[in-house]
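All remarks here apply to the structure that follows.
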Amino acid sequence: MLSSLLAAEPSVATQTAPDFDIIVKGGTVYDGTGAEPKHADVAIRGDRITGVGDFKTAKAKTIIDATGLAVAPGFINMLSWSNESLIQDGRSQSEIRQGVTTEIMGEGESMGPVNDRVREHMLREQADIRYEIKWNTLAEYLRYLETRGVSCNVASFIGATTIRENVIGFEDKAPTPEQLDQMRELVRKEMEAGALGIGTSLIYPPAFYAKTDELIELCKVAAKYQGKYVSHMRSEGNRLLEALDELIRISREAGIPAELYHIKAAGQPNWGKIDDLLSRIEAARKDGLKITADLYTYTAGGTGLDASLPTWTEDGGYPALFKRLRDPATREKIKVQVQTPSDEWENMYLAAGGPEHILLVGFKSEKLKPLTGKTLAEVAKMRGKDPIDTAMDLIAEDESRIGTIYFIISEENIKKELTKPWIAFGSDEASQAPEGVFLKSNPHPRAYGNFARVLGKYVRDEKMIPLAEAIRRLSALPATNLGLDHRGFLQEGMFADVVVFDPATISDRATFEKPHQYAVGVKHVFVNGVQVLKDGEHTGAKPGRALWGPGKIR
């Protein structure tokens, strides 16, 4: 049905056109296909686009003057960590103000399925944002958000880590045949309820403990429901190419499309691998495999300070880690391994090139929050201790993974990735606002700027890709890859997720030093035909919906 819609000519209103709820008049319309834009009006009735064409004589309840502005399909964040932030604040401010109308979650861990063990883990890990877990399945969580009220649409992959935690726990061990059957059954139920597929984050324990065959078995179930596999691969550094081989193997053997989360070569010694990575992906695509990727446009990644420690330290979960960090003999063993280059695990401490390139941004403890925004080197100097000892001390004191930014990415490589037509975009952050509980920690600036940065810095200022192509990759490409129903295009019959922005002024403002700053340049945003951003300000409307994968049993 989607292909037939794409082939159809845009409708043109006549003088007998019926009235509409909204007409966006006089803008430069980018339909999401990558085709050249055209000056046209966009008519909306209810939650759908009624037509794109000449609506000069038509009447509507709301008229938006888009003269001199770009009108595009709402943007899709392929990697959102808004799982908790949307419970706290459903307005999705930092993303709506960039034109993001749909957030896709589920990198490794997802908000369901939940059993007693997973619920206990989720409650223990809560930091600035506190909430009750009023759901048992992933689908119930998405409906919970919709009922509670969100401004954006939401959808999610099933976290393979969460499936593992449900059935096996946090230990480094393989599933028994019976456990693997239980894992398959959990995947089946969530896929039938509308999950998008399987998501992994394989550098982190306990995800790291899963072998390739285990992942293939889960993906085979998801594939039966037209699901996708999306992965933070087992390595983005020393074993980057081997990790890609694993992803391609999973795609081939499970018969499932696959996407690389936040494509990169991490750590300066690995930057030269990017050309080989890109060419291998393109070879797999020519071979008939559906391999894609998404990107954030910054030279730093964001994760936990515990990503600087060997994966075995978390065998048994975070309580086991904190116990190990309080044992002097174990600490010495950890310290030696952190300092020793290895291909056996992803060492973010070495990848960053030293503690001065490791920025601490999110603590759980009020006592440690004054350290927010300081580098690990600065804190080590303040405490008069070795940086690795300081890292272990902080994790043990805070009893959390500690939000951390690592400067590990090449700007030149980002530009190479930007030119690839099969790469979409994801923030790898939570939507938030510069107010209340969100100010207790510093996010990565990509939370406020990733999408505006694409359109401002890389499209307008550096002319890396044409605007029509950037919009395609912000909207139609992810919508098509995910199989989202009637999303991603500005065409008759599509859901009315629409963004109106000024290509001359759209820009990110957030920095690593001052990340809580909104992007500028987006004027109006509609989600399911309801205006959520008007003249750059949030209306408070929350018309977002839970979106479902194509395999949902209806």
Side-chain angles (χ1 to χ4, degrees), residues 79 81 83-84 104-125 133 135-142 155-234 246-247 249-251 253-259 261 311 314-318 482 548-549 551-553:
L79 175 48
W81 272 109
N83 315 51
E84 297 180 323
I104 308 297
M105 299 177 277
E107 184 200 358
E109 290 189 311
S110 55
M111 296 297 269
V114 177
N115 60 9
D116 289 345
R117 175 167 48 215
V118 172
R119 183 175 277 102
E120 180 188 352
H121 169 69
M122 291 172 69
L123 290 171
R124 187 172 58 241
E125 293 309 303
I133 300 169
W135 58 87
N136 295 307
T137 70
L138 179 56
E140 287 170 1
Y141 160 75
L142 293 171
S156 184
F157 286 83
I158 312 159
T161 310
T162 303
I163 295 291
R164 195 168 224 278
E165 290 168 355
N166 266 265
V167 176
I168 301 172
F170 299 86
E171 290 75 35
D172 183 2
K173 59 185 180 183
T176 64
E178 294 75 19
Q179 287 175 324
L180 191 56
D181 281 341
Q182 292 175 45
M183 294 166 77
R184 288 191 191 100
E185 180 64 8
L186 286 173
V187 172
R188 182 190 67 78
K189 287 180 178 177
E190 292 289 8
M191 290 303 300
E192 290 186 350
L196 298 172
I198 302 291
T200 60
S201 51
L202 298 175
I203 75 165
Y204 307 112
F208 179 85
Y209 307 144
K211 301 295 187 285
T212 309
D213 288 341
E214 176 184 320
L215 301 174
I216 289 170
E217 290 306 308
L218 300 186
C219 284
K220 282 180 179 176
V221 179
K224 293 177 182 176
Y225 299 90
Q226 303 174 61
K228 316 295 184 292
Y229 174 63
V230 60
S231 180
H232 180 153
M233 299 193 302
R234 206 172 290 272
E246 180 186 39
L247 178 133
R249 180 189 161 197
I250 291 169
S251 175
E253 294 190 19
I256 195 167
E259 173 146 327
Y261 273 133
T311 53
E314 291 182 32
D315 184 356
Y318 284 130
L482 295 169
W548 310 108
K552 177 178 171 62
I553 303 298

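Model, not experiment: these values are computed from the prediction.
- Contact check for L215 versus R234: side-chain heavy atoms found under the 4.5 Å cut-off.
- Smallest separation of non-hydrogen atoms from W81 and E107: NE1-OE1, 2.8 Å.
- Residues meeting the side chain to side chain contact (heavy atoms under 4.5 Å, CB included) test with R117, sequence neighbours left out: N115, F170.
- With sequence neighbours excluded, no residue satisfies ring-ring contact (aromatic ring centres under 6.0 Å, His included) with Y261.
- Rounding to the nearest 0.5 Å places CD1 of I256 at 9.5 Å from CD1 of I250.
- Remark: F208 engages no residue in a ring-ring contact (aromatic ring centres under 6.0 Å, His included) (not counting sequence neighbours).
- Ion pairing between D213 and R249 holds under the 4.0 Å rule for side-chain N and carboxylate O.
- Qualifying side chain to side chain contact (heavy atoms under 4.5 Å, CB included) partners for K189, counting only residues two or more places apart in sequence or in other chains: E185.
- Once rounded to the nearest 0.5 Å, the distance linking CD of E125 with OH of Y318 reads 5.5 Å.
- The shortest side-chain heavy-atom distance between R119 and L123 falls under the 4.5 Å cut-off.
- Between S156 and L138 the shortest heavy-atom distance is OG-CD1, 3.7 Å.
- Residue pairs meeting the salt bridge (charged side-chain N to carboxylate O under 4.0 Å, His left out) criterion with at least one member in residues 193-208: none, sequence neighbours excluded.
- Scanning for side-chain hydrogen bond (donor to acceptor under 3.5 Å, both in side chains) contacts around Q182 gives an empty result, with sequence neighbours left out.
- Residue pairs meeting the salt bridge (charged side-chain N to carboxylate O under 4.0 Å, His left out) criterion with at least one member in residues 217-231, sequence neighbours excluded, are R184-E217, E217-K220.
- Annotation: side chain of E109 is in contact with side chain of H121 (closest heavy-atom distance under 4.5 Å).
- Taking A155 as the reference, I104, L196, L547 meet the side chain to side chain contact (heavy atoms under 4.5 Å, CB included) condition, with sequence neighbours excluded.
- The ring-ring contact (aromatic ring centres under 6.0 Å, His included) test applied to Y204 returns H232, not counting sequence neighbours.
- For the pair L218/Y229, no side-chain contact is recorded, criterion being any heavy-atom separation below 4.5 Å from C-beta on.
- The heavy-atom pair separating L247 from E259 by the smallest distance is CD1-O, 3.8 Å.
- The two residues M233 and I203 come nearest to each other via the heavy atoms O-CG2, 3.2 Å.
- Partners of S251 according to the side chain to side chain contact (heavy atoms under 4.5 Å, CB included) rule, which considers only residues two or more places apart in sequence or in another chain, are A258, L289, I291.
- Using a 4.5 Å cut-off on side-chain heavy atoms (C-beta onward), L202 and E246 make contact.
- Looking at every heavy atom in both residues, E192 comes nearest to Y225 through OE2-OH, 2.7 Å.
- At least one side-chain heavy atom of M105 sits under 4.5 Å from a side-chain heavy atom of L142.
- For W548, the ring-ring contact (aromatic ring centres under 6.0 Å, His included) criterion is met by no residue, not counting sequence neighbours.
- Considering only heavy atoms from C-beta on, P113 stays 4.5 Å or farther from N136 through its side chain.
- Of the residues listed (L482, T200, L79), the one engaging F157 in a side chain to side chain contact (heavy atoms under 4.5 Å, CB included) is L482, and it is the only one.
- The two atoms that bring A160 and I198 nearest to each other are CB-CG2, 3.9 Å, heavy atoms only.
- Residues in residues 162-173 take part in these salt bridge (charged side-chain N to carboxylate O under 4.0 Å, His left out) pairs, two or more places apart or across chains: R164-E214.
- Residue I168 holds its CD1 atom at 7.5 Å from OG1 of T176, rounded to the nearest 0.5 Å.
- To the nearest 0.5 Å, the span separating CD1 on I216 from CD on E253 amounts to 4.0 Å.
- Of the possible polar contacts, one joining the S110 side chain to the G159 backbone as a donor-acceptor pair under 3.5 Å is found.
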